[in-house]
Amino acid sequence: MFFKDSYDVIVVGGGPSGSTAARYAARNGADVLLVEKRQEIGSPVRCGEGVSMEIFKHVDIKPDSSWFVNQVTGARIFGPSGKFILIDAKKAGDEVGAVIERDNFDKYLATEAARAGAEIATKTSVVALNRDGGEITGVRVRRMGEEKDVSAKLVIGADGFESQIARWSGFNTNLKTRDTTSNLQYRMTNLDLDPRFTDFYIGSVAPGGYVWIFPKSREVANVGIGLLLSKIKGPSEAKDYLDAFIENDIRFKNASIMETVSGGVSVSAPLDKVTADRIMLVGDAARMIDPLTGGGISNGVIAGKVCGEVAAEAVKAQDFSDEFLQRYEKGWRELLEEKLYRDYMAKEKLVSLDDVALDKLIEVMSAVRLENLSTKEILTAIRSKYPELVKEFEDLI
Amino acid sequence: MIELNDDKCMHCGACVGACPANAIYLNEVILDFNDDCTDCGLCVRACPVGALSLIRTRGLKVPAVTA
């Protein structure tokens with residue numbers, strides 16, 4: 001095999017969270033191996049490819065044209081009746097962002113990790129977490145038909161929605177059906193769209209979720225759907241609902257599908273605890289996805305930086321105890337936790353509303369000039385016209 | 001038991017993360033089901049493209065193994 005028998009830190013998963021954790025651990029002096037089970041970093045894409053601009057404030061990432069393809073000026077949220085609200089990027093700030101090419105973005109982040117000194121192993125699966133008397137000692141990997149034990153003082157689980165590292169190390173990552181979504185997306189071409197906006201369609205077109213149109217250009221866009229598992233009754237509903245949406249929209253009449261992408265996305269509150277002795281979880285594996293939007297890239301990268309920095313500090317101190325790793329727990333929660341819980345509450349409310357209530361919501365929000373999109377301001381506006389819609393949320397106002 | 005239609009499977013792992021028993025493992029493009037499966041059918045609903053189906057086995061007579 002191409003790598004050594006022993007490292008300070010092994011990062012499992014070469015997505016944005018894993019690459020960023022590997023990068024900042026290596027940059028700060030740790031000996032790091034980044035393991036990716038797929039044969040190629042960034043591929044196949046399993047993502048809507050929308051990213052908030054928040055990410056650039058926290059992490060040293062320079063947009064380049066290979067992946068930063070369309071910065072939008074606003075997001076439009078369409079209610080069931082067709083009325084929409086426009087969320088202006090100037091007001092909503094970093095919430096409205098850009099459409100990227102995830103395969104190139106992931107390669108860019110992995111390259112930054114490699115430049116910082118991390119070693120990367122692709123087409124390499126972690127098949128077991130190794131222990132000695134209960135203590136994690138590394139991982140067993142499989143690559144091109146060979147198996148090998150690689151030791152590490154610290155293992156970082158950045159292995160996504162279906163994280164095995166989390167489950168093997170005893171974290172309860174089980175999701176309720178109301179906190180899980182089933183998603184399908186087509187990358188479509190030969191369109192004629194307004195590339196200045198990302199569009200979201202809520203209501204019975206996508207029970208418990210939404211349909212999205214994220215344009216990469218006037219001609220090309222990701223058109224996808226996410227459905228809440230608790231609202232799904234039978235097989236293939238994500239595909240059936242998306243196909244029906246496309247069928248009923250004249251804009252897609254002459255479009256063709258270049259790629260089909262599917263996947264599961266958690267829309268839960270984050271895990272109560274993402275560290276244990278010799279282990280840290282980051283990104284989707286730690287349930288850091290924004291439960292309102294289903295977006296995971298920014299949070300994963302922001303937490304990944306903290307995770308990598310703490311990993312390097314642990315190596316310097318030669319202390320890999322859960323107690324030491326609380327620096328990571330504290331750091332990422334300071335940056336992300338409040339918003340994750342607030343958005344979780346908002347999601348819980350939104351999925352309980354029917355089409356009539358959602359239309360009222362859109363109507364109220366389009367009528368008032370919201371200076372900024374704070375939860376408080378939105379709720380206050382709704383209360384003034386439809387107090388029954390926000391009754392159980394009085395304490396948030 | 002769960003039956004996989006390989007022709008539809010996107011190898012995306014939506015079923016893996018939805019499984020409450022951790023009975024599914026996705027190794028690149030190979031989907032493995034282990035004995036922990038409880039036939040709850042959540043993966044069938046979670047699969048975006050309908051590649052999984054639940055085959056009812058309850059009530060079916062299993063032929064006795066004869067020596």
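In what follows, every chain begins at residue 1, and chains take the letters A, B, ... in the order their sequences are listed.
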#### Entry: Within 6.0 Å of CG in A:Asp272, more than 12 heavy atoms from elsewhere
no
## Note on the structure
Correct closest heavy-atom pair for B:Tyr25 and A:Ser125 would be OH-CB, 4.4 Å
### Message
Under 4.5 Å from any heavy atom of chain B, what part of A:Val45 do you find: side chain, backbone, both or neither?
### Response
neither
Return all side-chain donor-acceptor pairs below 3.5 angstrom for residues 222-235 of chain A, not counting sequence neighbours, or 'none' if the list is empty.
residue  : atom : partner  : partner atom : Å
A:Asn222 : ND2  : A:Gly48  : O            : 3.0
A:Asn222 : ND2  : A:Glu49  : OE1          : 2.8
A:Lys231 : NZ   : A:Val351 : O            : 2.9

#### Entry: A:Lys176 atom NZ: more than 12 heavy-atom contacts under 6.0 Å
no
### Query
Contact part of A:Val265 toward chain B, heavy-atom cut-off under 4.5 Å: side chain, backbone, both or neither?
neither
### Query
Which pair of heavy atoms, one from A:Arg167 and one from B:Asn22, lies closest together, and at what distance?
NH1-OD1, 2.6 Å
### Summary
Output for pair (B:Leu42 CG, A:Leu175 CG), nearest 0.5 Å, gives 10.5 Å
### Query
Which answer fits A:Asn174, side chain, backbone, both or neither, if we ask what part of it has an atom under 4.5 Å from a heavy atom of chain B?
side chain
### Message
Under the rule for side-chain hydrogen bond (donor to acceptor under 3.5 Å, both in side chains), what residues qualify as partners of A:Ser163, not counting sequence neighbours?
### Response
A:Asp159
### Message
Would A:Glu162 and B:Ile24 count as a side chain to side chain contact (heavy atoms under 4.5 Å, CB included) here? Give the steps.
### Response
CA-CA 10 Å; A:Glu162 66 267 30; B:Ile24 317 173; over 6 Å; no
### Task
Using heavy atoms and a sub-4.5 Å threshold, report which of residues 35-44 of chain A line up against chain B, by residue number.
A:Lys37, A:Arg38, A:Gln39
### Message
Could you report the tightest heavy-atom contact between A:Gly263 and B:Ala14, atom names first, then the distance?
### Response
C-CB, 3.7 Å
### Task
For A:Lys123, enumerate each residue passing the side-chain hydrogen bond (donor to acceptor under 3.5 Å, both in side chains) test, keeping only those at least two apart in sequence or located in another chain.
none
## Note on the structure
Counting heavy-atom pairs under 4.5 Å with chain B, the top scorer among A:Thr173, A:Thr260, A:Thr180 is A:Thr260
### Task
Of all the heavy-atom pairs spanning B:Pro48 and A:Ala238, show the shortest one and how long it is.
O-CB, 3.6 Å
### chain B contact via A:Ser262 - which portion, at a heavy-atom distance below 4.5 Å
both
